[in-house]
There are 2 protein chains.
Amino acid sequence: MIQVLMVEDHPLVKEGIMAILADEEGINCAGHFYNGTDLLYRLKSFQPDVILMDIDLPDMNGLELCKQVKALYPAVCVVALSINNQAGIIKKMMENGASGYVLKDAAQHEITEAIRTVVKGKQYFSRSASLYLRKADTGKLPPLTRREKQVLEKIADGLTNPQIAEQLFVDVSTVNSHRKNMLAKFGVQNTAALIKLAIKENLI
Amino acid sequence: MIQVLMVEDHPLVKEGIMAILADEEGINCAGHFYNGTDLLYRLKSFQPDVILMDIDLPDMNGLELCKQVKALYPAVCVVALSINNQAGIIKKMMENGASGYVLKDAAQHEITEAIRTVVKGKQYFSRSASLYLRKADTGKLPPLTRREKQVLEKIADGLTNPQIAEQLFVDVSTVNSHRKNMLAKFGVQNTAALIKLAIKENLI
DNA sequence: AAAAAATTCCCCCTTTTGGTGGAAATATAT
DNA sequence: ATATATTTCCACCAAAAGGGGGAATTTTTT
């Protein structure tokens, strides 16, 4: 019997998965939590085979939660669950130790398939998740540095180079350099396109 | 017995709602569809009391589907179901004849409450939906005109005023006027902030 | 310790954006 | 038919962004 814990803050989705797992032979949903804190507490006394983990949680980031869980209990397999189809997120989640990624538009059987696959030590991606991963490989985005991200956020907030320079205690020319670097990195023509891309790719 | 039909393309959410309704006295889920076309076909031979309708459907827009359903069968109550918390969408959905709006982060009982409420001819909003509506009333966004939206999209694509002018066959000064009008409308300082706001508010 | 990357700053110059304040011609709604 | 809103355009001017290129100083990685 495969023991499963679930972290999912959407009651409707929770019920759906519960219903699917209840019908399934050999899989037992041993508990459900609405946030990461509760899960971490429960893990102290009980380690399941698999954790189904929503990455959009009220109290903490799924990426962070996954990393913590794997650091404390490396044997536990994490299957990420998300409406988020950003390829970047999927990749980061896998880097943080997740064994599978199932989008919420997945078919019923993909949930149980994912669980059965990851306990065997393999990785699993739902159909739609792998679609996005493939797209990501072709059009992978160059990473932003810490400073660039800071500048980018301030640009998105509507600050001008002089204003950003003041806030970051650097020269205007520095801010301008970062801005131009980012334009070049992403191959966009101006700030408008940069902001759009950044938001669509979940960078800000 | 309240007869319910459901249109929902996410199997996980579908299962969740099915499970909730199955446990409920006096409510019968008489059918489920993965798209709007199938629902419309079914409605020819059977009209339920309530339709639970996801507004993000694969084949058509929920707003449009709701309008069509209400035009054909005014007696049927529509409860919109969405992960989308944009206040503008909620409002538009209600204008199109929906009787209720339940966000997918709603608690279980909110689904059944919604169904029982709308059949009595009242409106129902899930807790989180009404939160967003309240926010919308205080910080409501000025509407964009058709032309402004066109210009906005081209700005977001990284086009400059001269390029947009060429594409729309108008003078650069016209495009500039639209751009400046939008900045003023939304009370933002520059294009970067405009694009961010537009994307966050689902205008583009 | 050496190599690579990130952060910082500089130059010059052109284009674009944004602020102010108009005004006329079409559409759209009442 | 008459308001109202939209779309179109104008001028002037200051500020900001963007393109090209270079370079020194930290940090981080190997």
Side-chain angles (χ1 to χ4, degrees), chain A residues 67 88 91-92 95-96 140-201 203-204, chain B residues 67 88 91-92 95-96 140-201 203-204:
Chain A
K67 199 193 277 182
K91 272 189 184 167
K92 276 183 202 152
E95 282 164 16
N96 281 6
K140 59 194 153 213
L141 292 172
L144 286 181
T145 67
R146 219 180 313 121
R147 204 52 158 175
E148 283 169 345
K149 209 170 291 182
Q150 282 176 21
V151 172
L152 181 56
E153 273 160 15
K154 294 194 185 295
I155 292 174
D157 285 338
L159 301 186
T160 64
N161 286 347
Q163 290 171 329
I164 297 170
E166 199 184 352
Q167 286 198 8
L168 296 182
F169 306 107
V170 293
D171 194 271
V172 185
S173 65
T174 304
V175 178
N176 204 30
S177 290
H178 288 311
R179 187 190 284 256
K180 288 191 283 192
N181 268 338
M182 287 189 276
L183 293 180
K185 261 190 187 178
F186 291 120
V188 291
Q189 309 76 8
N190 57 36
T191 303
L194 176 67
I195 297 299
K196 182 184 171 188
L197 192 148
I199 295 179
K200 297 280 185 195
E201 294 297 330
L203 297 174
I204 48 176
Chain B
K67 199 193 278 181
K91 272 190 184 166
K92 277 183 201 152
E95 281 164 17
N96 280 6
K140 58 195 155 210
L141 292 171
L144 286 181
T145 68
R146 221 178 312 121
R147 205 52 158 174
E148 283 169 344
K149 209 170 290 182
Q150 281 176 22
V151 172
L152 180 57
E153 273 160 16
K154 293 193 185 297
I155 292 174
D157 285 339
L159 300 186
T160 64
N161 286 347
Q163 290 171 329
I164 297 170
E166 199 183 353
Q167 286 198 8
L168 297 182
F169 306 107
V170 293
D171 195 90
V172 185
S173 65
T174 304
V175 179
N176 204 30
S177 290
H178 288 311
R179 187 191 284 258
K180 289 189 284 192
N181 267 339
M182 286 190 276
L183 293 180
K185 261 189 188 180
F186 291 120
V188 291
Q189 310 75 9
N190 56 35
T191 303
L194 176 67
I195 296 298
K196 182 183 170 190
L197 191 148
I199 295 180
K200 297 279 184 197
E201 294 298 330
L203 297 174
I204 48 176

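Naming: A, B, ... by sequence-line order, numbering from 1 per chain.
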Nearest-Å distance, [atom1] ([X]) to [atom2] ([N])?
X: A:Q163; N: D:dA17; atom1: CD; atom2: C1'; value: 14 Å
X: B:E166; N: D:dT8; atom1: CD; atom2: C1'; value: 18 Å
X: B:F169; N: D:dT8; atom1: CZ; atom2: P; value: 12 Å
X: A:N181; N: D:dG18; atom1: CG; atom2: C1'; value: 13 Å
X: A:M182; N: C:dT7; atom1: CE; atom2: P; value: 10 Å
X: B:I164; N: D:dT8; atom1: CD1; atom2: C1'; value: 16 Å

*Distance from A:F186 atom CZ to A:N181 atom CG, nearest 0.5 Å?*
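Between A:F186 CZ and A:N181 CG, I get 11.0 Å after rounding to 0.5 Å.
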*Spacing of B:I195 atom CD1 and B:I204 atom CD1 [to the nearest 0.5 Å]*: 4.5 Å
_In the structure I gave you, are the side-chain heavy atoms of B:K185 and B:T145 within less than 4.5 Å of one another anywhere?_
yes
*Is a donor on one side and an acceptor on the other found under 3.5 Å between the side chain of A:N176 and the backbone of A:R179?*
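Not at all, since once roles are kept as given, no pair shorter than 3.5 Å links the two residues.
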*List the atom of B:L168, the atom of B:R147, and the distance in Å for their closest heavy-atom pair.*
O-NH2, 3.4 Å
*Any idea which heavy atoms bring B:M182 and B:L144 closest together, and the distance?*
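The pair with the smallest heavy-atom distance is CG-CD2, 3.8 Å.
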*Using five base pairs at each end, measure the axis-to-axis angle across the helix from C:dA1-D:dT30 to C:dT30-D:dA1 and round it to 10 degrees.*
80°
*Listed by chain and number, what are the salt bridge (charged side-chain N to carboxylate O under 4.0 Å, His left out) partners of A:D171, not counting sequence neighbours?*
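For A:D171, no residue satisfies salt bridge (charged side-chain N to carboxylate O under 4.0 Å, His left out) once neighbours in sequence are set aside.
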*asked:* Does A:K67 have more than 12 heavy atoms from other residues, nucleotides or ligands lying within 6.0 Å of its NZ?
replied: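 It does not: A:K67 NZ has 12 such atoms or fewer within range.
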*Is the CD atom of B:Q189 crowded by more than 12 outside heavy atoms at less than 6.0 Å?*
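More than 12 within 6.0 Å, yes.
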*According to a strict under-4.0 Å criterion, is B:H178 in side-chain N/O contact with OP1 or OP2 of D:dT8?*
yes
*asked:* A:L183: which residues meet the side-chain contact (heavy atoms from CB on, under 4.5 Å) condition with it, sequence neighbours left out?
replied: A:V188, A:L194
Tabulate protein N/O versus nucleotide N/O from nucleotides 10-17 of chain C, keeping only pairs under 3.5 Å, one per line.
| from | atom 1 | to | atom 2 | distance (Å) |
| --- | --- | --- | --- | --- |
| C:dC10 | OP2 | A:D171 | OD1 | 3.0 |
| C:dC10 | OP2 | A:D171 | OD2 | 2.9 |
| C:dT17 | OP1 | B:R179 | NH2 | 2.9 |
| C:dT17 | OP2 | B:N161 | N | 2.9 |
| C:dT17 | OP2 | B:N161 | ND2 | 3.3 |

_Close residues, residues 144-153 of chain B, relative to DNA chain D [heavy-atom separation under 4.0 Å]_ = B:T145, B:R146, B:R147
Less than 3.5 Å apart, which donor and acceptor atoms pair up between the side chains of residues 151-159 of chain B and the rest of the protein, not counting sequence neighbours?
| from | atom 1 | to | atom 2 | distance (Å) |
| --- | --- | --- | --- | --- |
| B:K154 | NZ | B:Q167 | OE1 | 2.8 |
| B:D157 | OD1 | A:K196 | NZ | 2.6 |

